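The structure presented is a predicted model; accordingly, all values stated were derived computationally and were not measured. What's counted below: heavy atoms across the whole structure, side chains too, no hydrogens, waters or symmetry copies. All chains are named by letter (A, B, ...) in the order of the sequence lines, taking the proteins before the strands, and each is independently numbered beginning at 1.
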Amino acid sequence: MSDHSTQKLEVRDQVFLEQLAGKVGYPALVVGLLGLIVAGVIGFLQHDHMKQFLFAYYTAYCYFLTICFGALFFVMIHHATRAGWSVVVRRLAEALTANFVLMAVLLIPVLFGIHQLFIWTVPHVMAHDSDLQEKAGYLNVPFFYVRCVLYFCAFLGLSFYFRTLSLRQDASGDPQLTRRMQRTACWGFYIYGFAVTFAAFDFLMGVAPHWFSTIFGVYAFAGGNVSFFSLLALMAMWLQRNGRLKNSINTEHYHDIGKWMFAWTFFWGYIAFSQYMLTWYANIPVETRYYLHREFGPWLWVSLILLFGQLLIPFAGLLSRHVKRSGVGLAFWAVWILVAHYVDMYWLIMPQEWASKKAVRTAILNIHDPYRLPGTAENLVYESFHAAGLSMNILCLIGVGGLFVASTMYMLKGRPLMPVRDPRLPESLGFENA
Amino acid sequence: MAATTTPDVYPTEAAEDPPKLFGLLAEFSEPDSLLVAAAQVRDAGYKSWDCYTPFPVHGLDHAMGEKSTRLPWFVLVCGLTAGATAIFFERWFNAVDYRMIFSGKPYWSLPPNIPVAYEMTILFSALSAFYFMWAFNRLPMLRHPLLANERFRRVTDDGFFICIEARDPNFDLQKTAELLQSTGALAVEEVRD
């Protein structure tokens, strides 16, 4: 297929990865597997039934899963709005959406560790918790498996559809394919919206089953988008440094990606604050407990790092047009946001590992001064930041990240790096910010 | 022109001062030739001149050597001032001047006061962007010498124009006209105010 479309290329650019795919993909695969194995060994040595390993792995998993949500959104909104500027980078996003296959495979260890990650799956916890019993109609294991299957049917179906049609257009150049994708994107957003919202409820809110926030799906979606656009900017820069798409992607496209990064950064903050303020103002114990867990000891610092690192500092940093148009400036904030998004995932998931300990739960229920914990629970806060735990977090991030990079290279390999015969490609190549 | 048929009681047009020279207007047939010409005018060192087109022409800012606008700084200052003012008054009203307890909440805490501060920041950023844009462009401009020009009417249809204004220190009627001619203008004419 690649040879076939090479002859028809009207674009004067290097649009194939060629040997670069293997040069990056195979080391990434090895590093990824090694990272996960080492983290698994450390986890095994903790004698906690792999609980900390699973939480570290799950944090890394959700990090990349939300980025895939962002990529799929970008591809679909591009078609639904007939966007012109983004055609040159759309294939990169399509390759990222193809990583839902990897995400489906990487979900298997999570399903094996379901009793460690989700306390609502543990029968004796459920038996003594009337709050959770109220939710048993939704929070039960068989239905959870059914939902996982439904989510991945939706994500795989949508990503496969848009990627396949786009690749088919590389060969045929048929403009009708663009119209078909546009129509599908519009009604596909219903599927996407429900799937992302409930996937966020199940995967991210499910680790804290007492808590509920209807805006949470939007929160996870916003976080995924801001980091997807950061990753997209970095991917494009890396390709151009290696002589790919050199004449196709230019400052104007980076400027628009930077605008998206800025907009999503603020949108994330808007949603995060809306969620926080309503919980703060309503002051219902079952809701505020979620934030209370995140204000104890070192968790308060993680919360503050999130507030400044994912919202206030990048907001100020990305405000200027000159930053978005300068390669170094945009790359700096892209890396910054990707780090901040990991802190976000860490902040969502990891406190539950600590809070699920029986001593902590008893201590918090009997607490009078929220900023002073009884001795046992306080010790346990610091325990959740010990060296083995943090090293597992880092190794799992490298591990899942390595597999993610390898999978992306595999999806990019042998196909043009941009939709070379898209009818709107000339518009995208000539695009300029007014 | 019609001085001979005008009764003597009325002042003749010839008796008035001749209209002041506003500048030289050059017409171009298409955006590309305008871009080339604009770059040459820019390189010749003119400052008081402008391009007029029926639609936005990409690359014109660069060809004209336009510096980036100061507007964002004014918007930033106005936005921050509005946000700070909102926080100040909320704090003063609720925690100092007229203390009341609502919903068992403290007199002062940030979360419930952020929305007002946020909206004030957005509102005054938007308003300042709008009004400073008018001010920087000297709007509203109710009359302009070019609007009386017959040839200039095509600027809303298919005409592309450069006008170098007489107030530019480099302006010299003959040399400037030669420059515009050499850039490939369809026509060059004087505009009088």
Practice item. Anything under 30° is parallel, anything over 60° is perpendicular, the rest tilted; go ahead and classify A/F266 against B/Y118. Key: parallel
Practice item. Could I get the full list of side-chain hydrogen bond (donor to acceptor under 3.5 Å, both in side chains) partners for A/W260, not counting sequence neighbours? Key: none
Point to revise | For A/W333, all residues meeting side-chain hydrogen bond (donor to acceptor under 3.5 Å, both in side chains), sequence neighbours excluded | key: none
**Study point:** Any B/K105 side-chain heavy atom under 4.5 Å of A/Y281 side chain
**Key:** yes
Check your understanding: What part of B/P72 is in contact with chain A, defined as an atom under 4.5 angstrom from a non-hydrogen atom: side chain, backbone, both or neither?
Key -> neither
**Study point:** Whether over 12 other heavy atoms sit under 6.0 Å from B/R192 CZ
**Key:** yes
Exercise for review: Tell me, yes or no, whether the heavy-atom count around A/Y276 atom OH, taken from other residues, nucleotides or ligands under 6.0 Å, exceeds 12.
Suggested key: yes
Check your understanding: Quick one: CG on B/N113 to CE on A/M277, what's the gap to the nearest 0.5 Å?
Key -> 10.0 Å
Review point. Counting only heavy atoms not in B/H144, do more than 12 sit closer than 6.0 Å to its NE2 atom?
Key: yes
Exercise for review: Give a yes or no on this: more than 12 heavy atoms of other residues, nucleotides or ligands lie within 6.0 Å of atom CD of B/Q174.
Suggested key: no
**Study point:** Derivation and outcome, side-chain contact (heavy atoms from CB on, under 4.5 Å), residues B/S68 and A/H322
**Key:** CA-CA 10 Å; B/S68 55; A/H322 303 291; 3.8 Å; yes
Point to revise | A/F273 to B/P111 - nearest heavy-atom pair and separation | key: CZ-O, 3.1 Å
Practice item. Please state whether the side chain, the backbone, both or neither of B/L76 comes within less than 4.5 Å of a heavy atom of chain A. Key: side chain
